[in-house]
Protein chains: 2
Amino acid sequence: MKLDAIDIRILDILQRDAEQQVAQIAEQVGLSSTPCWRRIQRLKEAGVITRQVALVDARKVNVGVTVFVSVRTSVHTEAWFETFKATVQAIPEVVEFYRMSGDVDYLLRVVVPDIAAYDKVYKRLIAGTQLHDVSSSFAMEELKLTTALPLGYAS
Amino acid sequence: MKLDAIDIRILDILQRDAEQQVAQIAEQVGLSSTPCWRRIQRLKEAGVITRQVALVDARKVNVGVTVFVSVRTSVHTEAWFETFKATVQAIPEVVEFYRMSGDVDYLLRVVVPDIAAYDKVYKRLIAGTQLHDVSSSFAMEELKLTTALPLGYAS
DNA sequence: TGTGAAATGGAGTGCCT
DNA sequence: AGGCACTCCATTTCACA
């Protein structure tokens, strides 16, 4: 889908605050409500906007601790991968999960209340499949965490 | 703030899809619209729900490449940290930024269109402050990425 | 594509239980 | 705390440029 400058401005507004009403957004981008509304619909239909969610304060729901888990494996079969993928995706504490290039095979971001809770997740992780090496790093401070993507490359 | 089982169910619904109307959520949690609406307001006022945002498809805005950047530093002064923090936070391609325990001092998640674009971000990063070691790992596949926090620890 | 007005339907309010 | 009835206003639709 082709995105013009106004679409990008609309996206930028919505990915920071989706509660604003259409008329307010329209004003900011110099449009009246209807065309602005049509553009938003178009962005949703095209899948540029995938969905709209409420962001929850991690500490207020008692998951203030973030752990990054690096996983190395020795097995490299398709069947192993499918099992591992399903195991990890089913763990709600895992909020990010990537297959990586380089010396680490997989990287996970896990959120938990404390180290004891992390240990349970860790055990669930290694119980599912055979892993060669698992290394955990704890985040001491969250300096930036945003769902707003940079829009400067869009076209 | 104390969260009961109904609050948690409401949070769980909203952090997956905030576009549902109050009446629909109310039905799912076995309440009528008004008390459900009041609970949602209370969750917002208490800061449990921080905000509501539109999620954008990274590939559709041309930032389909994710890079994790591990930073080690030799300088450990407060002034250095403040400069570094401000430099990194100002880079829109950096969507996550943590101070870590262990051998890596900082971890960044960066989203860019391609490796060439990453190189520019990398240069911007090292131009800002003195860094001892910067190591980049590319994500080959995004297996899970969610803004929905696990709600099993909330109370 | 954009504008303006009209209709629709959900959010927000007050009051009662 | 929850439910019901009502008001109000933003969203959505429609006719037109």
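Chain naming here is simple, since letters A, B, ... match the order of the sequence lines and numbering starts at 1 in each. Remember, it's a predicted structure, so these values are computed and weren't measured experimentally.
In the hydrophobic clustering, A:Val53 connects to A:Leu55, B:Val53, B:Leu55, either directly or through intervening members, whenever side-chain heavy atoms lie under 4.5 Å apart. Taking Ile, Leu, Val, Met, Phe, Trp and Tyr as members and joining any whose side-chain heavy atoms lie under 4.5 Å apart, directly or through other members, the hydrophobic cluster of A:Trp37 also contains A:Val22.
Distance CZ (A:Arg39) to C1' (C:dT1): 8 Å, rounded to an integer number of Å. Atoms CD1 (A:Ile40) and C1' (D:dT12) sit 12 Å apart, rounded to a whole Å. Atom pair B:Arg42:CZ and D:dG2:C1' shows a separation of 14 Å (rounding to whole Å applied).
Contacts of A:Asp119 classified as salt bridge (charged side-chain N to carboxylate O under 4.0 Å, His left out), with partners at least two apart in sequence or in another chain: A:Lys123. The ring-ring contact (aromatic ring centres under 6.0 Å, His included) check on A:Tyr98 picks up B:Phe68, with sequence neighbours excluded. Here A:Lys2 pairs with nothing under the salt bridge (charged side-chain N to carboxylate O under 4.0 Å, His left out) rule; sequence neighbours left out.
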| query | Which dot-bracket string fits DNA chain D when only Watson-Crick or G-U wobble pairs with both atom distances under 3.5 Å count, crossing pairs get [ ], and | stands for a partner on a different strand? | reply | ||||||||||.||||||
| task | Let me have a per-nucleotide readout for nucleotides 6-17 of chain C, 5' to 3', with B, S or -, counting only protein heavy atoms under 4.0 Å. | result | ----SSSBBB--
| message | Let's go through B:Ile91 and B:Val121 carefully: what are the C-alpha distance in whole Å and the side-chain angles of both, what is the deciding distance for side-chain contact (heavy atoms from CB on, under 4.5 Å) to 0.1 Å, and is it a yes or a no? | response | CA-CA 8 Å; B:Ile91 302 176; B:Val121 174; 4.1 Å; yes
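Within the structure, side chain to side chain donor-acceptor pair (under 3.5 Å) contacts touching residues 46-67 of chain B (residues at least two apart or in different chains) do not occur. Sequence neighbours left out, the pairs with a member in residues 141-155 of chain A that pass salt bridge (charged side-chain N to carboxylate O under 4.0 Å, His left out) are A:Glu141-B:Arg99. Listed by first and then second residue, the ring pair (Phe, Tyr, Trp, His ring centres under 6.0 Å) pairs that reach into residues 12-35 of chain A come to none, sequence neighbours excluded. Residue pairs meeting the ring pair (Phe, Tyr, Trp, His ring centres under 6.0 Å) criterion with at least one partner in residues 130-155 of chain B, sequence neighbours excluded, are B:Tyr118-B:Phe138.
Within residues 2-19 of chain B, no residue has any heavy atom under 4.0 Å from DNA chain D.
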